[in-house]
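Here is the naming used below: chain letters follow the sequence lines, and residue numbers restart at 1 for every chain. Just the heavy atoms: all of them, side chains too, but no hydrogens, waters or symmetry mates, feed the values below.
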Number of protein chains: 2
Amino acid sequence: MADVKHFDPDRVLGLAELVFWRRGAGSTGIQDVLTATGLSRSSLYNTFGGKEDLYELVMRRYLDQRSRPMFARLAADRRGLPAISSFFSRLIGVRCSGEFAGWGCLVSNAHLEDSPVGAKVVLDEHQAALSIVLHAALKVADDKHQLRPGLDLAATAEHLTLLAYAINLRSRAGVQAEPLQAAVRAALAPLVV
Amino acid sequence: MADVKHFDPDRVLGLAELVFWRRGAGSTGIQDVLTATGLSRSSLYNTFGGKEDLYELVMRRYLDQRSRPMFARLAADRRGLPAISSFFSRLIGVRCSGEFAGWGCLVSNAHLEDSPVGAKVVLDEHQAALSIVLHAALKVADDKHQLRPGLDLAATAEHLTLLAYAINLRSRAGVQAEPLQAAVRAALAPLVV
DNA sequence: TTTATCTTGGACTGGTCGTTCCAAGATAGG
DNA sequence: CCTATCTTGGAACGACCAGTCCAAGATAAA
């Protein structure tokens, strides 16, 4: 009856994600997305709607396919404090070296855009998800008596969540990994018993 | 011999600073600056050069007239840990309430813009200035035996500098002051002896 | 093969961007 | 006053923006 799409929408979403991630939504034109994906205007607008809809889809995709797997890996690591330490090491590795060095985190970056409402929701989901996972990991550490007694675990989770955001932010300035690693060590060391 | 300017350039720079600060450089058009200041295109270009030059001037003004006074106040406060605690309280106050609530910090925000090179330099100056002042305050606290022994003061200063950046970032998402205050308490409490 | 329906390429729209340009206005030394 | 020189208002420029539209192409059921 009808024609069928000549492209894979999810692949296109992945390519659009890279463009928004590296250059930011505000500085990215629809033309940039078309160039990166090879689509024509018609196909893009027909499939994803306008730029704001596309950005919102990309944000959600990033949260689901980039952030949540990182959080899940931390959640699955039952070692307590070493699990948290490993999480930050991996985070700094991704932010300061390899394919995405200096790109920061798409969700952190979105704090500076005047994003649509749907995208703003993702910011709080992201923060809540990371905070919850860190809280759980701290609880494991506490149960293993790795932590000094009397710590406010919820507030400490918030503190470490903020630290992750700062790493995302500063990595965009091209900061080296080692100073960030040292800062994380300085944040975690005083927590031990 | 010649005509004289019909406006005060520094006042104009201050008004431009507010526009760039609230909305970001990328989302701010020259027309927005003209509207905010009442200048005509000719006067603005004739006095400050193009948009990038103006943004760079505004960045430096912000660092000198907004950030450095905050840092100087911390440096002048010789109480040690209470000085650091007060610094963060004031920071959170500015970021979450009053005239500039939800605006973040112009320099932090600049991490997400594709800024000119001259503006990028300000980022590192800002980071270095805050880190140095925090290091000095930690040294005072250590000399007063307020800190547990064996802390890496330089790395801890880096850690607290990152915390400040995270507060700046998250405040743009409209975060409440209290969770941030709790996070700061959780970051500082484990440092005490 | 015909036909109904979705997809696609790309021209086009109205608006905004940063910037340039020039004539008119303002100023202060002579 | 006169005049040289800077400032100012505002028109104009080409480039780009997000988004629309339609004819041509592709597809699969009948």
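At a threshold of 4.0 Å, the pair Asp143(A)-Arg78(A) does not count as salt-bridged, since none of the basic side-chain nitrogens sits closer than that to a carboxylate oxygen. With salt bridges taken as basic N to acidic carboxylate O contacts below 4.0 Å, one links Arg68(B) and Glu125(B). Using a 4.0 Å cut-off between charged nitrogen and carboxylate oxygen, Arg170(A) and Asp124(B) count as a salt-bridge pair.
Checked against dT19(C), dC6(D), dT5(C), the side chain of Ala2(A) finds its nearest nucleotide in dT5(C). Residue Ser42(A) has its side chain nearest to dC22(D) when only dC22(D), dA11(C), dT20(C) are considered. Set against dG9(D), dG9(C), dT7(D), the side chain of Ser40(B) has dG9(D) as its closest nucleotide. Here the nucleotide nearest the side chain of His6(A), chosen from dT5(D), dT7(C), dC21(D), is dT7(C). With dT20(C), dT27(D), dT27(C) as the choices, the nucleotide that has an atom nearest any side-chain atom of Asp3(B) turns out to be dT27(C).
When the C1' atom of dC17(C) is taken as reference, atom CG of Leu44(B) falls 14 Å away, rounded to whole Å. The interatomic distance linking Phe7(A) (CZ) with dC6(C) (P) rounds to 15 Å, in whole Å. Atom NZ of Lys5(A) is separated from atom C1' of dC6(C) by 8 Å (rounded to the nearest Å). Residue Tyr45(A) contributes atom OH, which lies 13 Å from atom C1' of dC12(C) at whole-angstrom precision. Atom CZ of Arg41(B) is separated from atom P of dT16(C) by 12 Å (rounded to the nearest Å). Distance, Leu34(B) CG to dT19(C) C1': 12 Å, rounded to whole Å.
Remark: side-chain polar atoms of Trp103(A) are not paired, donor with acceptor, to backbone N or O of Cys96(A) under 3.5 angstrom.
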Scan nucleotides 15-17 of chain D against the protein and return all N/O pairs shorter than 3.5 Å with their distances rounded to 0.1 Å.
none

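Remark: the Arg185(B) side chain and the Ser85(B) side chain contain no N/O donor-acceptor pair separated by less than 3.5 Å.
Separation of the Tyr165(A) and His111(A) ring centroids falls under the 6.0 Å cut-off.
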